[in-house]
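Every chain is numbered from 1, with letters handed out A, B, ... down the list of sequences. We use all heavy atoms of the structure for the numbers below, so side chains are in, but hydrogens, waters and symmetry mates are not.
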Amino acid sequence: MDSLQSYLFISIVMFCLGLYGVMTRRNGVAILMGIELILNSANLNFVAFNRFGGLGEHLPGHVFALFVIVMAASEAAVMLAIIINLYKNFQTVNVDEAHEMSG
Amino acid sequence: MAEFGFTGIAALVIASSFWVVTARNLVHAAVALMGTLFGVAGLYVYLYADFLAATQVIIYVGGILVLIIFGVMLTQRISSAVLLQTHMPNRPLAGVVVFFLFMGLTSLLFRTPWHEGEQVMPESTVTIIGTSLLTKYLLHFEVASVLLLVALLGAAYLSRREDG
């Protein structure tokens with residue numbers, strides 16, 4: 001059970017579910033949750049390959065996963081600021097109702 | 001015991017991430033996301049990544065999840081945080097796309113002869129990550145800190161009052 005393939009399988013399931021959430025949700029916050037799932041599955045891949053792939057003593061997979069976490073934190077902050085502005089201007093957070101510029 | 005724990009954590013991650021994308025109540029989805037994030041932290045422990053497991057719990061569960069719940073509460077009345085999804089034209093299409101992507105990735109996973117090098121199982125990763133960040137990955141570290149600063153300023157600028 002504790003093999004590279006099992007970790008990659010969990011990561012595939014999380015990625016597919018996150019992509020499904022991003023494609024079907026209309027609420028901006030729910031889309032953000034799907035993006036977090038996708039980022040976590042990528043992180044799981046990095047760390048699993050670092051353990052099983054023999055990448056050397058500098059732990060590049062761990063460092064890359066750390067940078068992904070930093071990026072996810074800044075992305076969440078900016079996206080929530082955008083969502084709050086969207087709510088102030090349109091009184092909705094459904095991303096398909098903010099189509100003023102689509103002509 | 002360890003095998004049982006791994007299977008349990010994997011089941012927790014998969015079940016709660018399924019709940020994240022299907023729950024009709026946004027607060028339920030946020031709670032399910034917390035289960036997923038804790039489960040991924042547990043998987044990090046199984047992968048000998050103790051520092052990353054702690055970071056995952058502190059930043060994701062303690063930071064990003066709180067931000068998400070703030071986002072839910074600031075934009076919706078908490079009692080009626082049900083997602084209004086009366087018409088969902090792209091749900092069947094998304095299901096088909098994700099199903100074929102899942103089948104393709106899974107068959108790729110089982111047909112690829114993965115190169116398995118020497119397993120890395122350090123006693124503690126904190127020292128190694130700290131040394132790596134300040135020697136080999138110093139430039140990346142600085143770029144990440146500038147990114148954090150810019151994102152912080154940008155978020156504060158975006159959410160300020162217009163007349164303030």
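Not one N or O on the side chain of B:R91 forms a donor-acceptor pair closer than 3.5 Å with the backbone of A:R25. Using modelled atom types, no side-chain atom of A:N40 and backbone atom of B:V40 make a donor-acceptor pair closer than 3.5 Å.
Heavy atoms of B:Y60 lying under 4.5 Å from chain A belong exclusively to its side chain. Looking at A:L80, the atoms closer than 4.5 Å to chain B (heavy atoms on both sides) all sit in the side chain, from C-beta outward. Proximity to chain B (any heavy atom under 4.5 Å) is restricted, for A:V93, to the side chain, taken from C-beta onward. For a residue to count as touching a neighbouring chain, one of its non-hydrogen atoms must lie under 4.5 Å from one of that chain's; by this rule A:F52 touches chain B with backbone and side chain alike. Looking at B:L47, the atoms closer than 4.5 Å to chain A (heavy atoms on both sides) sit in the backbone and in the side chain alike. Both the backbone and the side chain of A:L66 come within less than 4.5 Å of a heavy atom in chain B. Within the 4.5 angstrom heavy-atom criterion, only side-chain atoms of B:F51, from C-beta onward, approach chain A.
Most heavy-atom pairs under 4.5 Å with chain A, from the set B:S132, B:A144, B:G154, B:A156: that is B:S132.
We find the OG1-CZ distance between B:T106 and A:F9 to be 5.5 Å, quoted to the nearest 0.5 Å. Rounding to the nearest 0.5 angstrom, the gap separating the CG atom in B:L147 from the OG atom in A:S74 is 4.0 Å. A distance of 7.0 Å separates CZ of B:F110 from CD of A:Q5, quoted to the nearest 0.5 Å. With rounding to the nearest 0.5 angstrom, the CE atom of A:M33 is 7.5 Å from the CG atom of B:L65. With rounding to the nearest 0.5 angstrom, the CD1 atom of B:I14 is 10.5 Å from the CD1 atom of A:I12. Put simply, CD1 on A:I84 and CZ on B:F70 are 9.5 Å apart, with the number rounded to the nearest 0.5 Å.
Within a 6.0 Å sphere centred on CZ of B:F102, heavy atoms belonging to other residues, nucleotides or ligands number more than 12.
Checked against the 6.0 Å centroid threshold, B:F6 and A:Y7 count as a close aromatic pair.
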task = Start with the C-alpha gap between A:L59 and B:Y48, add the side-chain angles, then the distance that decides, and say whether side chain to side chain contact (heavy atoms under 4.5 Å, CB included) holds.
result = CA-CA 11 Å; A:L59 299 181; B:Y48 291 87; over 6 Å; no
Candidate pair A:V63 and B:F141, rule side chain to side chain contact (heavy atoms under 4.5 Å, CB included), full reasoning = CA-CA 9 Å; A:V63 176; B:F141 180 70; over 6 Å; no
request  = Take A:L37 and B:L33 through the side chain to side chain contact (heavy atoms under 4.5 Å, CB included) test and state the conclusion after the steps.
outcome  = CA-CA 8 Å; A:L37 280 187; B:L33 186 64; 4.1 Å; yes
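Nearest heavy atom pair, residue B:S159 against residue A:K88, reads O-NZ, 4.4 Å. Closest heavy-atom contact between A:I10 and B:A10: CD1-CB, 3.5 Å.
There is no side-chain donor-acceptor pair under 3.5 Å between A:N43 and B:Q56.
Ring geometry for A:H58 versus B:Y137: interplanar angle over 60°, hence perpendicular rather than tilted (30 to 60°).
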